[in-house]
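Worksheet: the structure to be examined is printed underneath.
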Amino acid sequence: MNEYTHILVALDLTSDSNQVIDRAYALAQANNARLSLIHVLEPLGYAYGGDIPMDLTEVQAQLDKHTHKQLKALAAEIGLGEEHTHVLIGRPETEIHRFAEENNVDLIVVGSHGRHGLQLLLGSTSSATLRGAKCDVLAVRIKS
Ligand code: AMP
């Protein structure tokens, strides 16, 4: 019996993403599992609050479009179509958990930097993802 049926890989779209996606892809192949790629965009309003007296809707829409393109390109590199990619808006760990629960994900794959100290070992998003997850979480060690 295959252990995992639906694997979610959370990508921050930095140059580290290839290492994380490669591991998730290998696991998906080995388990014959579905693979979903997601990136979470934080709304611009979170960062700037009401401090900037301008409408950020258009900028947000451009950012969204650009992010979809990036994710689609990464998926294409491993032979996956756009339907495997999802750009979500909100706080990364919250959206990762929500997507996982709503889509019967049984393994979440995130990256982990080899920083020193307990707090920095996993990174803030990866440790927050691990804390609230209702399924397995794999932290892929990022090699510099
Ligand atoms: P960090 O906590 O920023 O060091 O990120 C660790 C890992 O969390 C990354 O390698 C990704 O797997 C995941 N991650 C961070 N930010 C995001 C994001 N905005 N969307 C999806 N995944 C993310």
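Position 1 is the first residue of the sequence, and the numbers go up from there. Numbering of ligands and ligand atoms starts at 1, following listing order.
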A student comparing I21, D12, I38 should find that the heavy atom closest to atom 16 (N) of ligand 1 comes from D12
Answer yes or no for D16: is there a heavy-atom contact with ligand 1 below 4.0 Å?
no
Within ligand 1, which atoms have a heavy atom of S124 less than 4.0 Å away?
2 (O)
Within-cut-off N or O pair, V109 and ligand 1, under 3.5 Å
no
Pick one of side chain, backbone, both or neither for how P92 approaches ligand 1, counting any non-hydrogen atom pair under 4.0 Å.
side chain
So, do I89 and Q60 sit near enough that their side-chain heavy atoms are less than 4.5 Å apart?
yes
Can you list the atoms of ligand 1 that are under 4.0 Å from a heavy atom of V40?
18 (C), 19 (N), 20 (N), 21 (C)
Sequence neighbours left out, what passes side chain to side chain donor-acceptor pair (under 3.5 Å) with Q62? Give chain and number order.
E58
For the residue pair H6 / S36, report whether a side-chain donor-acceptor contact shorter than 3.5 Å exists.
yes
Is the shortest heavy-atom distance from the side chain of L74 to the side chain of N18 under 4.5 Å?
yes
Tightest non-hydrogen contact, residues D106 and E3, listed as OD2-O, 4.2 Å
Is there a polar contact between ligand 1 and V20, counting only N or O atoms under 3.5 Å apart?
no
Side chains of T5 and R34, heavy atoms from C-beta outward: is any pair under 4.5 Å?
no
By number and element, which atoms of ligand 1 are closer than 4.0 Å to a non-hydrogen atom of V110?
12 (O)
